[in-house]
J.: 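Here you go, one structure.
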There are 2 protein chains.
Amino acid sequence: MDLPTLEVSQTPKEKFREYLASGPRPQRFTRQHADMVDYIFSKHNHFAADQLIDEIRQEGLRISRATVYRTLKKLVDAGLLRELEIGQVKYYEHDYGYPQHEHLVCQKCHKMIEFQYPGLDAMIREVCRQHQFQMDGHSFVIRGLCADCNRSRMMKRRLDLV
Amino acid sequence: MDLPTLEVSQTPKEKFREYLASGPRPQRFTRQHADMVDYIFSKHNHFAADQLIDEIRQEGLRISRATVYRTLKKLVDAGLLRELEIGQVKYYEHDYGYPQHEHLVCQKCHKMIEFQYPGLDAMIREVCRQHQFQMDGHSFVIRGLCADCNRSRMMKRRLDLV
DNA sequence: ATTCTTGCAAAGCCTTTGCAACTGC
DNA sequence: GCAGTTGCAAAGGCTTTGCAAGAAT
């Protein structure tokens, strides 16, 4: 978490419960839902489903793989999580209470660095207007080497030349 | 192909052959390689591996699924194709002789609309500089409904209200 | 002749799904 | 009690890989 969090009036759990209850066919709020929201909003920023499953198990919580996948989808619909597609894998991060941003992804250490760029939002809206395109979302990822990995590669190269 | 093509001095096939021949371990230029480059640069702009396999078959060319995947990877390394990751699937498009651009992807008809935005490149470089990030590439996709699909949805909604 | 490439089928990875048992409301 | 949820295991979609046979240089 690099960026400042926003003020929010409800806890994530309350918001999820509300989302589930509303709608034409109310959905139920289960123990598994509660455990997942509690865990996710106590820690993470970026995570893949598989990582989450491992960590949840280590925490002693019992939720099946299928339920984790199903609940992640609901959390995205509820506006609590954002879904990022990086490589072939879906990653998730907090959406509720956290500002929109883009990512630099290190191809070596897989670190994800968040950034915001002032003009980006206006740019996106302008492009959509020009093409009469009704935007639903976007993904913007810059791949490469982070400062640390780049530095260590430089070091290695210097040593190799000796 | 919406954007103007660039002047290039070599044919894609020549460029691929050259790429394969150079390097510490020269690779071979096979009939399958030639057929794929010929086919891809005679037609497509955007395509997934599976589409390509179907079309290649219909054209009467015989190349196995494994070889298509392996050759696509080489074509990307050679700088002839760019790889786009959209959803869980990899798409490919011409890189050689075609300018850098971004995509609007319609979630209904899966149309891909290309766009260029003047300030984008400078923006990316600026962000990388700030984070001392050594960029290798980027992907920028805006999801939503294209003008056509949006229009037809409007129509339908209007009819539903009658 | 040597080394790289092909084709096949099998495995891999991540994610989704059918179904019977279960549980929130 | 009714409808939605869980867990399991199996299937799904896309991509990669091991290996023996084949082809380019």
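Lettering of chains follows the sequences in order, A, B, ..., and the numbering in each one begins at 1. Atom set for the values below is all heavy atoms of this structure, side chains included, hydrogens, waters and symmetry mates excluded.
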J.: When the nearest nucleotide of DNA chain C is assigned to B/P26 and to A/F29 on a heavy-atom basis, which residue is associated with the more 5' position?
T.: B/P26
J.: For a quick check of understanding: with a heavy-atom distance under 4.0 Å over all strands, which category does A/R65 fall into, base, sugar-phosphate or nothing?
T.: base
J.: Can you tell me if B/N45 and B/E93 form a side-chain donor-acceptor pair at under 3.5 Å?
T.: no
J.: Tell me: CZ of A/F47 to C1' of C/dC14, nearest whole Å?
T.: 16 Å
J.: For a quick test of reading the model: is some side-chain N or O of A/K73 closer than 4.0 Å to OP1 or OP2 of C/dT16?
T.: yes
J.: Between B/D50 and B/T30, who's closer to the 5' end of DNA chain D by nearest nucleotide?
T.: B/D50
J.: With respect to the phosphate group of C/dG12, does any side-chain polar atom (N or O) of A/Q88 fall under 4.0 Å of OP1 or OP2?
T.: no
J.: Determine whether the aromatic ring centres of B/H94 and B/F41 lie less than 6.0 Å apart.
T.: yes
J.: Does the D/dA3 base have a donor-acceptor partner in the side chain of A/R28 within less than 3.5 Å?
T.: yes
J.: Name the closest nucleotide to the B/Q27 side chain, picking from C/dC4, D/dT15, C/dG7.
T.: C/dC4
J.: Select one nucleotide: of D/dT15, D/dT17, C/dT17, the one nearest the side-chain heavy atoms of B/R70.
T.: D/dT17
J.: Send over the distance from A/Y91 OH to C/dT15 P, rounded to a whole Å.
T.: 9 Å
J.: How many whole angstroms separate atom CG of B/L75 from atom P of C/dT5?
T.: 13 Å
J.: Heavy-atom count check: over 12 atoms from other residues, nucleotides or ligands less than 6.0 Å from A/E14 CD?
T.: yes
J.: Between A/R31 (CZ) and D/dT6 (P), how many Å, whole number?
T.: 9 Å
J.: For C/dT16, take OP1 and OP2 only and decide whether either is under 4.0 Å from a side-chain N or O of A/K90.
T.: yes
J.: Rounding to a whole Å, what distance do you find between B/L84:CG and D/dC14:C1'?
T.: 16 Å
J.: Output the rounded distance in Å from OH (B/Y69) to P (C/dA10).
T.: 18 Å
J.: Is the distance between the ring centroids of B/Y39 and B/H44 under 6.0 Å?
T.: yes
J.: Should B/H33 be listed as having a side-chain N or O under 4.0 Å from OP1 or OP2 of D/dA24?
T.: no
J.: If you take atom types as modelled and just measure distance, does the side chain of B/R62 reach the base of C/dG7 with a donor-acceptor pair under 3.5 Å?
T.: no
J.: Just the rounded figure in Å: distance from C1' of C/dT6 to CD1 of B/I53.
T.: 14 Å
J.: So B/R70 and B/H33, do their side chains get closer than 4.5 Å, heavy atoms only?
T.: no
J.: Want to settle it: does B/Q32 or B/V89 sit nearer the 5' end of DNA chain D, counting the closest nucleotide to each?
T.: B/V89
J.: What nucleotide, of D/dG7, D/dT16, C/dT5, holds the atom closest to the side chain of A/S64?
T.: D/dG7
J.: Rounded to the Å, how far apart are A/L20 CG and D/dA3 C1'?
T.: 14 Å
J.: So if I take every side-chain heavy atom of B/R17 and compare against C/dC25, D/dT25, D/dT15, which nucleotide ends up nearest?
T.: D/dT25
J.: What verdict does the side chain to side chain contact (heavy atoms under 4.5 Å, CB included) test give for B/F115 and B/I142, after you've listed the backbone C-alpha separation in whole Å, the side-chain angles of each residue and the deciding distance to 0.1 Å?
T.: CA-CA 10 Å; B/F115 73 90; B/I142 301 177; 4.0 Å; yes
